[in-house]
Amino acid sequence: MAAAAAGNVEFIRARSDKREYRRVVLPNALECLLISDAETDKAAACMEVGVGSFSNPEGLEGLAHFLEHMLFYASEKYPGEHNYTKYIMEHGGSFNAFTSSETTNFFFDVNVDDFEEGLDRFAQFFIKPLMSQDAVLREIKAVDSEHKKNLLLDNWRMHQLLKHLASKDHPYHKFGTGSWETLETKPKERGLDIRLELLKFYENYSANIMHLVVYGKESLDCIQSLVESLFSNVKNTDQRSFKCPSQPLAAEHLQLLIKAIPIKEGDHLRILWPVTPNIQFYKEGPCRYLGRLIGHEGEGSIFHIIKELGWAMDLTAGAGSDSNEYSFFSVSMRLTDLGHEHMDDIIGLVFKYLRLLKQDGIHEWIFDELVSINETAFHYQDKVRPISYVKNTASNMLLFPPEEWLVGASLPSKYAPHTINKILDELSPERVRILCQSKKFEGSTDCAEPWYNTLYSVENVTPQMIQQWIQKAPTEMLHLPKPNIFIPKDLSLKEVHSKVKFPTVLRKTPLSQLWYKPDMLFFTPKGYIRVDFHCPLSSHSPEAAVCTGLFVDLLTDYLNAYAYDARIAGLFYSIYLTSTGFQVFIRGYNDKMRVLLHAIMKQIANFEVRSNRFFALKETSIKDYQNFNFRQPYAQALYYVSLILENKWPVAEKLQALSKLEADSLAKFVPHLLSKTFLECYVQGNIEPGEAESIVQEIEDTIFNTPNSVFKSMSPSQYLIKRVIMLENELKCYYQIEGLNMKNENSSIVQYIQVHQDDAISNIKLQLFCLIASQPAFNQLRTVEQLGYIASLSLRSDRGVRAIQVLIQSTVKDPSYLDARIDEFFKTFESKIHELSDKDFKRNVKSLIDSKLEKFKNLWEEAGFYWGEIEAGTLKFDRVESEVALLRELKKEEFIEFFDQYIKVDAPQRRTVGVQVFSGNHSAEFKTATAEADPPKTYRITDIFGFKRSRPLHRSLKGGPGRITMD
């Protein structure tokens with residue numbers, strides 16, 4: 001075997017990056033990046049192939065995507081169907097792939113000890129895959145099922161509409177996903193053998209247009225030796241990389257206003273221009289510069305003005321990285337009903353701002369600020385999972401020289417005003433396309449897009465019309481943003497005086513409790529703060545629940561203009577609803593963290609209802625509730641499961657309460673909500689204990705200790721407890737309902753098997769079962785029986801109550817049939833569990849142990865785990881160690897006994913509820929199913945709330961405020 005050529009590349013890398021890198025080109029011209037990380041416990045690989053949906057032969061739409069699916073099946077070396085996926089899942093790994101316009105990416109990760117064999121199986125995708133006729137037909141059905149899942153999703157529909165309104169001879173115009181029609185019906189009509197076409201298309205997969213990233217624990221020499229032995233047999237047929245024609249838009253596709261009807265409620269406006277691809281100027285970063293200004297949300301920005309006028313709810317701006325040859329710069333926003341009426345004014349305001357940018361000139365200080373923020377982000381980047389790292393890096397290999405593979409386009413460094421002006425000139429009225437989607441256009445469209453049947457109409461928009469819109473646009477003062485006060489200056493690390501392994505309670509008062517842990521793993525200038533407002537009056541009725549939700553939305557809305565700069569500078573915050581109140585969460589550089597936290601707390605303490613924002617947010621929230629009807633059927637099924645298990649208010653009741661809500665009612669409710677409050681706080685990271693205490697003292701002073709504060713402390717008796725119902729042994733409950741959008745052809749089933757409440761020994765047995773069963777369930781229900789594209793068996797936890805959840809979404813079979821097939825899977829799988837060999841049992845136990853011992857990658861993962869324990873009330877900070885110790889002692893007989901007791905179909909302690917959502921396709925089956933008598937040991941739920949009231953409850957794992965003992 002000829003030796004690989006190793007290039008001595010000086011990679012641009014983050015200062016904190018301790019990994020080793022090597023570029024290698026194999027004799028077959030396969031270019032590889034090898035990464036050695038001595039600290040990793042997962043290994044990973046990604047192959048990017050320079051063939052995508054743009055390479056689909058004429059009349060075979062979706063062939064590239066179909067081939068991506070087919071490579072997972074089997075190979076000459078490993079002929080067993082789904083041998084690869086089975087091996088990866090059984091060894092603590094995950095896998096996926098995606099087909100884009102010009103490339104197809106395959107990637108996986110696995111426990112480090114199992115990497116060599118996993119990588120060998122992965123390599124066979126590109127050496128000698130088997131594509132049996134039987135597998136071909138089954139996977140066409142899977143591709144078709146995937147397409148049907150997307151048919152009623154607005155993002156897919158609008159994307160294809162924009163593609164449709166492009167040059168017919170450009171590959172951008174094509175449909176890329178594929179369907180039964182494009183891969184089976186039409187090829188047959190033309191006398192084509194789709195399998196032969198697939199094999200012919202696979203010949204495009206050549207080593208010289210592939211890029212491989214391999215991430216392992218071993219030395220670079222060991223990884224190189226492994227890669228050479230496994231990938232040198234990938235054929236090099238000297239293919240040329242796909243060269244995309246230039247822009248897909250001719251003059252006839254510009255100066256257009258496209259009015260389209262969406263599936264969901266809500267109006268959206270998108271203004272697009274074809275621009276020179278950013279990749280051609282990635283060091284100058286013109287689109288980043290312009291995106292930062294046009295998409296800014298602070299005072300003087302486009303968004304701030306249209307938000308204050310009550311016209312829009314959000315705005316994003318920037319260029320997509322579509323291709324080397326073409327790209328689009330877009331400004332997108334969600335409009336209110338009033339905004340829809342003022343659409344011309346909004347478009348005029350956008351062009352007015354572009355004119356301001358031209359008149360005001362390009363500013364070096366703004367570019368320098370952009371450079372500073374990006375450099376800090378790059379050098380203090382958090383470590384991510386190896387599978388994410390290889391995927392992102394592989395995408396850079398095609399586009400950038402080797403020394404820039406790790407950095408890509410993330411570090412603009414050349415200030416070039418003429419380049420920024422060049423892109424700015426391209427954002428002209430002569431080159432614009434405007435897409436507006438709204439149900440208000442129903443009855444006034446005259447066209448239908450062929451693949452998704454999106455109804456639309458097209459009008460011409462001349463530069464003269466835009467000139468008129470500019471003149472009548474709002475006169476509020478547009479101006480450039482001020483310098484960003486949140487850019488961190490102090491990136492020094494605080495000294496850790498006491499070595500603390502787990503979070504401890506640092507401070508406790510009748511008003512709050514502070515948990516604290518210093519950063520002892522990552523040594524990064526970042527912090528993590530959570531403040532949980534426990535408010536027992538937040539959810540006692542549907543009215544209270546929607547009031548609390550609107551209060552939280554308004555808080556975020558009021559803070560947006562001020563806090564936007566913090567987000568840009570790497571300091572992120574969110575305020576969101578919980579089942580017991582609301583939570584404030586901040587993470588990022590600790591330098592300016594207190595400044596932002598103080599502003600948030602002042603906003604909470606001084607909250608008032610501003611009527612203009614109240615009506616805008618109320619309108620948006622109503623539409624969001626209405627859009628529940630258009631959720632995927634499997635999401636609706638999951639909602640009903642949660643409604644059965646917990647004390648939650650139905651969407652319909654919340655929508656009704658919200659529709660009647662007035663601003664003065666909310667203004668009266670908020671002081672009532674906050675009159676009983678307890679704060680559970682958690683601080684972790686580059687923050688000293690004294691500072692953490694002072695942060696919480698400042699929060700108390702701002703919230704509670706002011707003369708007119710509405711906040712009052714809460715007694716322990718008022719602590720809100722959320723509990724899950726206990727299902728009955730040997731009883732199979734089921735709830736059958738028609739889907740909320742009968743145009744959706746998909747039906748769905750969720751079978752929920754309740755097993756136990758948080759308990760270490762039961763936890764590991766259930767986790768082990770899910771590890772062993774998840775891949776066979778997917779293989780049987782999706783691949784063999786072809787029941788639907790979405791099929792899974794997974795572990796579920798609701799307030800510490802552990803369960804198995806099996807989910808299928810299907811157009812081909814009704815939910816009653818799907819439910820029976822799930823039962824049949826468990827019956828046939830029973831023998832697999834009973835016949836489990838000692839060797840397989842030990843291998844699965846080891847795989848679970850390896851996954852549990854996987855180290856936290858960054859501060860957010862670690863803090864998230866500990867906060868999860870605090871929030872749940874379990875406080876098992878040593879959960880991993882204790883469960884691993886029990887796993888090491890677990891006997892196969894104990895595991896089988898657990899399966900026989902709780903999981904198998906006739907198990908004495910099996911407790912099941914199934915939710916069946918019937919689509920319009922299966923309305924006849926719904927009538928039949930609801931008319932049938934209940935079989936023995938089954939219970940039909942007709943009234944969810946009556947059923948809940950009849951069931952006992954699992955105990956709460958939360959002891960209430962002040963519980964700090966670990967037990």
Side-chain angles (χ1 to χ4, degrees), residues 49-75 81-82 85 96-106 125-126 129-153 156-157 159-161 163-164 168 170-205 242 449-454 745-746 778-779 781-791 809-813 921:
V49 185
V51 178
S53 60
F54 280 5
S55 300
N56 286 334
E58 197 61 45
L60 287 172
E61 293 89 354
L63 193 63
H65 179 215
F66 176 39
L67 175 59
E68 171 225 301
H69 276 238
M70 285 300 300
L71 294 185
F72 283 84
Y73 263 87
S75 64
E81 267 199 8
H82 285 279
T85 55
N96 213 331
F98 63 87
T99 304
S100 58
S101 302
E102 297 176 39
T103 60
T104 305
N105 291 56
F106 303 86
F125 281 37
F126 316 103
L130 297 179
M131 302 194 213
S132 71
Q133 186 63 47
D134 179 47
V136 163
L137 283 170
R138 275 184 278 149
E139 213 51 38
I140 290 174
K141 288 179 184 173
V143 170
D144 186 61
S145 179
E146 184 177 353
H147 172 56
K148 283 179 174 160
K149 169 186 72 73
N150 301 334
L151 272 175
L152 298 180
L153 297 178
W156 285 88
R157 295 167 68 85
H159 180 59
Q160 189 62 43
L161 175 57
K163 284 155 64 85
H164 177 65
K168 288 183 169 53
H170 195 287
Y172 175 75
H173 176 77
K174 294 179 181 178
F175 167 59
T177 309
S179 65
W180 183 261
E181 182 190 10
T182 67
L183 296 169
E184 173 64 14
T185 308
K186 284 188 174 174
K188 263 193 176 162
E189 287 170 1
R190 292 163 54 200
L192 295 178
D193 181 330
I194 195 67
R195 182 172 176 272
L196 292 180
E197 295 300 319
L198 193 68
L199 293 169
K200 198 189 302 178
F201 189 75
Y202 181 69
E203 291 170 14
N204 294 314
Y205 272 45
F242 179 83
E449 187 279 319
W451 297 106
Y452 292 81
N453 199 35
T454 304
E745 296 178 5
N746 292 280
F778 176 85
N779 188 51
L781 301 172
R782 184 193 157 190
T783 309
V784 176
E785 298 189 35
Q786 286 292 306
L787 297 176
Y789 176 72
I790 296 173
Q809 181 165 292
S810 177
T811 54
V812 293
K813 296 292 181 184
N921 262 15

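Note that this is a predicted model, so its numbers are computed, not measured.
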- [ ] Test L198 against every option in D193, V136, L183 by the side-chain contact (heavy atoms from CB on, under 4.5 Å) rule and name the one that passes.
- [x] V136

Task: Shortest non-hydrogen contact between L60 and P187, atoms and distance - done: CD2-CG, 3.7 Å

Open item on the list: Test of understanding: with side-chain hydrogen bond (donor to acceptor under 3.5 Å, both in side chains), list the residues that count as partners of T99, not counting sequence neighbours.
Closed with: E68

Open item on the list: I'd like to know if the side chain of N56 and the backbone of E61 have a donor-acceptor N/O pair within less than 3.5 Å.
Closed with: no

Task: Heavy-atom side-chain contact between Y202 and L199 under 4.5 Å - done: no

Open item on the list: Just verifying a value: how many Å separate K148 NZ and T811 OG1, rounded to the nearest 0.5 Å?
Closed with: 4.5 Å

Task: Atom pair CG (L152) and CG (N746), whose distance is rounded to the nearest 0.5 Å - done: 8.0 Å

TODO: Could you tell me which residues satisfy side-chain hydrogen bond (donor to acceptor under 3.5 Å, both in side chains) with H65, sequence neighbours excluded, listed by chain and number?
DONE: H69, E146

Open item on the list: Between K186 and E189 (salt bridge meaning N to carboxylate O under 4.0 Å), is one present in this structure?
Closed with: no

Task: Contacts of type side-chain hydrogen bond (donor to acceptor under 3.5 Å, both in side chains), residue Y73, not counting sequence neighbours - done: E139

Task: Polar side-chain atom of S101 near backbone of F54 as donor-acceptor pair, under 3.5 Å - done: no

TODO: Quick one: closest heavy-atom pair of G178 and H147, and the distance?
DONE: O-CB, 3.5 Å

Task: Between CZ on residue R195 and OG on residue S132, distance to nearest 0.5 Å - done: 7.5 Å

Open item on the list: Salt bridge or not between E197 and R190? Use side-chain N to carboxylate O under 4.0 Å.
Closed with: no

Task: Separation between OG1 of T185 and CD1 of I194, rounded to the nearest 0.5 Å - done: 10.5 Å

Task: Set of residues satisfying ring pair (Phe, Tyr, Trp, His ring centres under 6.0 Å) with respect to F201, sequence neighbours excluded - done: none

TODO: Sequence neighbours left out, what passes side-chain contact (heavy atoms from CB on, under 4.5 Å) with Q160? Give chain and number order.
DONE: K163, F175, E449, W451, Y452

- [ ] For T783 and R138, work out which heavy atoms get closest and say how close.
- [x] O-CD, 3.0 Å

Open item on the list: Please determine whether the number of non-hydrogen atoms from other residues, nucleotides or ligands lying under 6.0 Å from atom NZ of K141 exceeds 12.
Closed with: no

Task: Under the side-chain contact (heavy atoms from CB on, under 4.5 Å) test, residues paired with N921 that sit two or more places apart - done: E745, S919

